[in-house]
2 protein chains.
Amino acid sequence: MKVSKKAYYGLRASIALAQSDRPLSIRALAESEHLPEDYLEKILQTLRKAGLVEATKGVTGGYALARSPKETSAWDILHVLDGPIEMFNPPVKGALPCLQVSHCQTNQVWRTLEGKIEETLSDISLEHLSHNAR
Amino acid sequence: MKVSKKAYYGLRASIALAQSDRPLSIRALAESEHLPEDYLEKILQTLRKAGLVEATKGVTGGYALARSPKETSAWDILHVLDGPIEMFNPPVKGALPCLQVSHCQTNQVWRTLEGKIEETLSDISLEHLSHNAR
DNA sequence: ATAATTCGGACCAATTTAGTCCAATATTAG
DNA sequence: CTAATATTGGACTAAATTGGTCCGAATTAT
């Protein structure tokens, strides 16, 4: 039960983006946040593919949030980078392979847990996080 | 953001223990739950060192819950096996090494998150989980 | 005694995470 | 047009964690 560095870096970068009105290049982000540049690159690409940030190429290019900071939550970021909690979620939803009784019981725990996590993190917007930072 | 198999196995074993009034041997547990025996052994030892289960050696020995199922929660088990969420928790509590602003902001997120997780899982007792199983 | 059990530690394999590197492509400033 | 600055995409490697095994020693009921 642990948050990866990827998610940690990604959230920090997102907070930085939320505080800027212009696109920021990977280099600029990596420098100001002291994050490994090449790795951050991969992270931002993941966020872009998920539609959370937008990239523009070229000399004045860089990354910017796709939606406003108010409309982007910590959950959006973390869930894309760290994925959901999935122990043995069946490939096809609906058909739970419930051979062991205790297995099903734990499934119930994971579902409850993930629901709460989503609820909690969805309530934390990037706007909130970047305001508090000032 | 993910629950390990260790925690998954440990929780299942704990549910099984909650349903038994006699100590269960590792072998018996592993068989009934279809879990890898040698690995389960390590898990139960961890739980024992944390004071959650008690072991008795010898031919009629085995493991039993240290407290009643009602007084043992999913949080107790999972938190011991999967540890807390610690990104960059300072070795010495209280003195947060807050060089980067966004770093501190994320710390706030982790704390909030872990608080909610603890709250949620503490509410789920082994008794609850083993009753539903019937 | 002996069979069944936990204990403790060393060890290994597999997976995941973290991180690097580079050639290709796009864009803009000058 | 050209040079500089960006992202894109993919292959690759290194480090860490997780998952799992093995075994000899200690303990205890029969």
Side-chain angles (χ1 to χ4, degrees), chain A residues 1-13 17 20 22-66 78 80-88, chain B residues 1-13 17 20 22-66 78 80-88:
Chain A
M1 206 135 49
K2 174 168 161 189
V3 173
S4 69
K5 283 195 188 181
K6 178 155 57 170
Y8 167 68
Y9 293 163
L11 184 56
R12 284 181 57 187
L17 290 182
S20 167
R22 297 177 302 120
L24 296 177
S25 71
I26 290 172
R27 171 154 316 162
L29 269 173
E31 246 167 52
S32 76
E33 293 290 332
H34 295 90
L35 299 177
E37 192 171 325
D38 289 319
Y39 193 32
L40 182 58
E41 190 176 330
K42 296 304 174 194
I43 295 171
L44 287 171
Q45 281 179 21
T46 303
L47 292 178
R48 181 182 56 82
K49 282 168 188 158
L52 293 172
V53 302
E54 280 167 357
T56 54
K57 288 188 177 180
V59 64
T60 57
Y63 289 89
L65 291 180
L78 297 181
V80 160
L81 295 175
D82 260 11
I85 293 177
E86 42 182 343
M87 275 305 310
F88 290 91
Chain B
M1 204 133 53
K2 172 170 163 188
V3 174
S4 70
K5 282 194 186 179
K6 178 157 56 172
Y8 167 68
Y9 294 163
L11 184 55
R12 283 181 57 187
L17 291 183
S20 168
R22 296 178 302 117
L24 296 177
S25 71
I26 291 173
R27 170 153 316 161
L29 269 173
E31 246 167 51
S32 77
E33 292 291 332
H34 296 90
L35 300 178
E37 189 171 327
D38 289 320
Y39 193 31
L40 182 58
E41 190 176 333
K42 295 305 173 194
I43 294 171
L44 287 172
Q45 281 177 21
T46 303
L47 292 178
R48 181 182 54 81
K49 281 170 190 159
L52 293 172
V53 302
E54 279 166 357
T56 54
K57 287 187 179 180
V59 64
T60 57
Y63 289 90
L65 290 182
L78 297 181
V80 160
L81 294 175
D82 259 13
I85 293 177
E86 45 182 341
M87 275 306 310
F88 290 90

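Letters A, B, ... mirror the listed sequences (proteins, then strands); counts begin at 1.
For the pair S4(A) and G61(B), both in contact range of DNA chain C, the more 5′-proximal nearest nucleotide belongs to G61(B). In terms of position on DNA chain D, the residue among G58(B) and G58(A) whose nearest nucleotide sits closer to the 5' end is G58(A). The 5' end of DNA chain D is approached more closely, in terms of each residue's nearest nucleotide, by A55(A) than by the other of D38(B) and A55(A).
For K42(B) against dG9(C), a side-chain N or O and a base N or O form a donor-acceptor pair under 3.5 Å.
As rounded to whole Å, 15 Å separates atom C1' of dT5(D) from atom CG of L29(A). Put simply, CD on E41(A) is 11 Å from P on dT20(C), counting in whole angstrom units. As rounded to whole Å, 15 Å separates atom P of dT16(C) from atom CG of D82(B). Rounded to an integer number of Å, the gap from CD of E37(B) to C1' of dC23(D) is 14 Å.
For the OP1/OP2 pair of dA26(C) and a distance below 4.0 Å, the side-chain nitrogens and oxygens of T56(A) include no atom meeting the criterion. Close to dA14(D), at under 4.0 Å from its OP1 or OP2, lies no side-chain N or O of Y39(A). Close to dG19(C), at under 4.0 Å from its OP1 or OP2, lies a side-chain N or O of Y9(A). At the phosphate of dT5(C), neither OP1 nor OP2 sits under 4.0 Å from any side-chain N or O atom of R48(B).
Rounded to the nearest 0.5 Å, atoms CG (L17(A)) and CG (L44(A)) are 6.5 Å apart. Annotation: the span from R48(A) atom CZ to E54(A) atom CD amounts to 10.5 Å, rounded to 0.5 Å.
The V59(A) side chain lies nearest to dT5(D) when the options are dT20(C), dT28(D), dT5(D). For T60(B), the side-chain atoms get nearest to dT30(D) when compared with the rest of dC7(C), dC22(C), dT30(D). For K5(B), the listed nucleotide lying nearest its side chain is dG20(D); candidates were dC7(C), dG20(D), dT8(D). Listed nucleotides dC22(C), dA6(D), dC7(C) differ in distance to S25(A); the shortest reach to its side chain belongs to dA6(D). In this structure, of dT25(C), dT30(D), dG20(D), it is dG20(D) that holds the atom nearest to the side chain of P36(B).
Among the atoms of the strands shown, none is found under 4.0 Å from any heavy atom of L44(A).
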